[in-house]
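In what follows, a single structure is set out as structure tokens and then discussed.
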Number of protein chains: 2
Amino acid sequence: MAAMHRSEHDACRAWQLLMKFFFAQREHLPSSEGEFDLSPIQCHVLHLIEPGRPLPMSRLAETLSCDASNVTGLVDRLESRGLVRRQPSPEDRRVKALQLTPRGARMRAQLLRRMARRSLPLSRLSRDKRRTLVKILEALVDEGSI
Amino acid sequence: MAAMHRSEHDACRAWQLLMKFFFAQREHLPSSEGEFDLSPIQCHVLHLIEPGRPLPMSRLAETLSCDASNVTGLVDRLESRGLVRRQPSPEDRRVKALQLTPRGARMRAQLLRRMARRSLPLSRLSRDKRRTLVKILEALVDEGSI
DNA sequence: CGGAGATACTTGATTTTGTCAACTATTTAT
DNA sequence: ATAAATAGTTGACAAAATCAAGTATCTCCG
């Protein structure tokens, strides 16, 4: 620890903080407020499927860094609640793309609104910090290359 | 979505990016490289127990925003691997404080070193950005108040 | 002092997440 | 045309998470 370079130390610290934030944030997730009955992961999946932008299951597995069979299970549960639909792709009949049902889209919108609301840790940041954070994270997640 | 204020939009985006980063990160976790046989959560718990700083199980449950019984299970598994010890507190005989065993401390150190080195996305950031990120996350997680 | 209520942790039942290996169907590449 | 790769599913199972109920201990108040 003492022998750690400054840059290493920062990377390490950033990792720890991100993990802490991840867990801390679950407390504020709509899931724990009863009105939705969604787990944190289900919330995240709903967030990842943008309305009108079908998402192949394989891409979801990639984004979640998990096994494809896990995605099958996640989607099974979301589908059984009528939030998501599997749509077979015309170009490649192996792939099934995920689409929000109208109910799923409504739920997602509610979710986003709820997460953005006041008094959550994120909204307590100054505007500048929030914009800076977004920029740094965009670089990290490397969304530009998609 | 269209009706969302700019600040809400940023908070929302930051939330999505943080979640994405969290999942992307798991791919690079030591757990998935075989040499340790620890799940991401076990890594995080190990990270949270600082050597020489016994951590009451209730505080761990708080930090993880989860039920106490979940912590019991997590600690059971870590204890059975000889990484962690439950130490009954002398002042309050209800609480059990978690301590790293020598083996646990070694594992934790390795973990930190490994997390800092690796070609993680984090190390691609400039030094300045990394420092800024750490500062903003500290504000988010509100560690100052501890 | 003594009991009421709060707190820390455990146990048992149950659901959800997550992994792996094996399988089907389809596509790509040789 | 065949072989190899890819997308998804299934089944078996471990790990993570929740809830309700229970034990032990502590705190506080009359």
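Every heavy atom of this structure was used, including side-chain atoms; hydrogens, water molecules and symmetry mates were not. Numbers restart at 1 for each chain; the letters A, B, ... are given by sequence-line order, proteins then strands.
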Tell me whether B/Gln110 contacts the main-chain N or O of B/Met107 through its side chain, where contact means a donor paired with an acceptor under 3.5 Å. no
Residue pairs passing the salt bridge (Lys or Arg N to Asp or Glu O under 4.0 Å) test with at least one member in residues 73-86 of chain A, sequence neighbours excluded, are A/Asp76-A/Arg86, A/Glu79-A/Arg86
Treating A/Ser65 as the side-chain partner and B/Arg26 as the backbone partner, does any N or O pair qualify as donor plus acceptor under 3.5 Å?
no
Inset, instruction - Name the orientation class of the two ring planes belonging to A/Trp15 and B/His47 (parallel below 30°, tilted from 30 to 60°, perpendicular beyond 60°). - result: tilted
Note: contacts of residues 68-84 of chain B with DNA chain D (heavy atom, under 4.0 Å) are B/Ser69, B/Asn70, B/Leu74, B/Arg77, B/Arg81
Applied to residues 43-56 of chain B, the salt bridge (Lys or Arg N to Asp or Glu O under 4.0 Å) test, sequence neighbours excluded, yields none
When rounded to whole Å, the CG to P distance for the pair B/Leu64 and C/dC9 reads 13 Å
ask   = Charged N to carboxylate O below 4.0 Å: is that the case for B/Glu62 and B/Arg59?
value = yes
A/Gln42 CD to C/dT15 P, in whole Å, measures 14 Å
When every non-hydrogen atom of B/Ala14 is compared with those of A/Leu133, the smallest separation belongs to CB-CD2, 4.2 Å
B/Arg26 atom CZ is separated from C/dT19 atom P, nearest whole Å, by 6 Å
To the nearest angstrom, the CG-P distance between B/Asp67 and C/dT17 comes to 17 Å
Between A/Asp10 and B/Arg131, is there a salt bridge with N-O shorter than 4.0 Å?
-> yes
Please check this pair: side chain of B/Gln16 against backbone of B/Arg13, looking for a donor-acceptor N/O pair closer than 3.5 Å. no
Note: chain A reaches DNA chain D at heavy-atom distances under 4.0 Å over the stretch, first to last nt, 5' to 3', of D/dA5 to D/dA17
To the nearest angstrom, the CZ-C1' distance between B/Arg59 and C/dT7 comes to 15 Å
Between its two end axes (five pairs each) the helix from C/dC1-D/dG30 to C/dT30-D/dA1 turns, nearest 10 degrees, through 30°
Would A/Phe22 and B/His44 count as a close aromatic pair, with their ring centres under 6.0 Å? no
Here the distance between atom C1' of C/dT24 and atom CE of A/Met57, to the nearest Å, is 15 Å
Q. Is there a side-chain contact between A/Leu78 and A/Val45 (heavy atoms, below 4.5 Å)?
A. yes
Where do N or O atoms of nucleotides 26-30 of chain C meet protein N or O atoms at under 3.5 Å, pair by pair?
unit_1, atom_1, unit_2, atom_2, d
C/dT26, O2, A/Arg94, NH1, 3.4
C/dT27, OP1, A/Arg93, N, 3.0

- Query: Does B/Val95 offer a backbone N or O that forms a donor-acceptor pair with the side chain of B/Ser89 under 3.5 Å?
  - Reply: no
Scanning both residues in full, the closest heavy-atom pair of A/Arg124 with B/Leu140 reads NH2-O, 4.4 Å
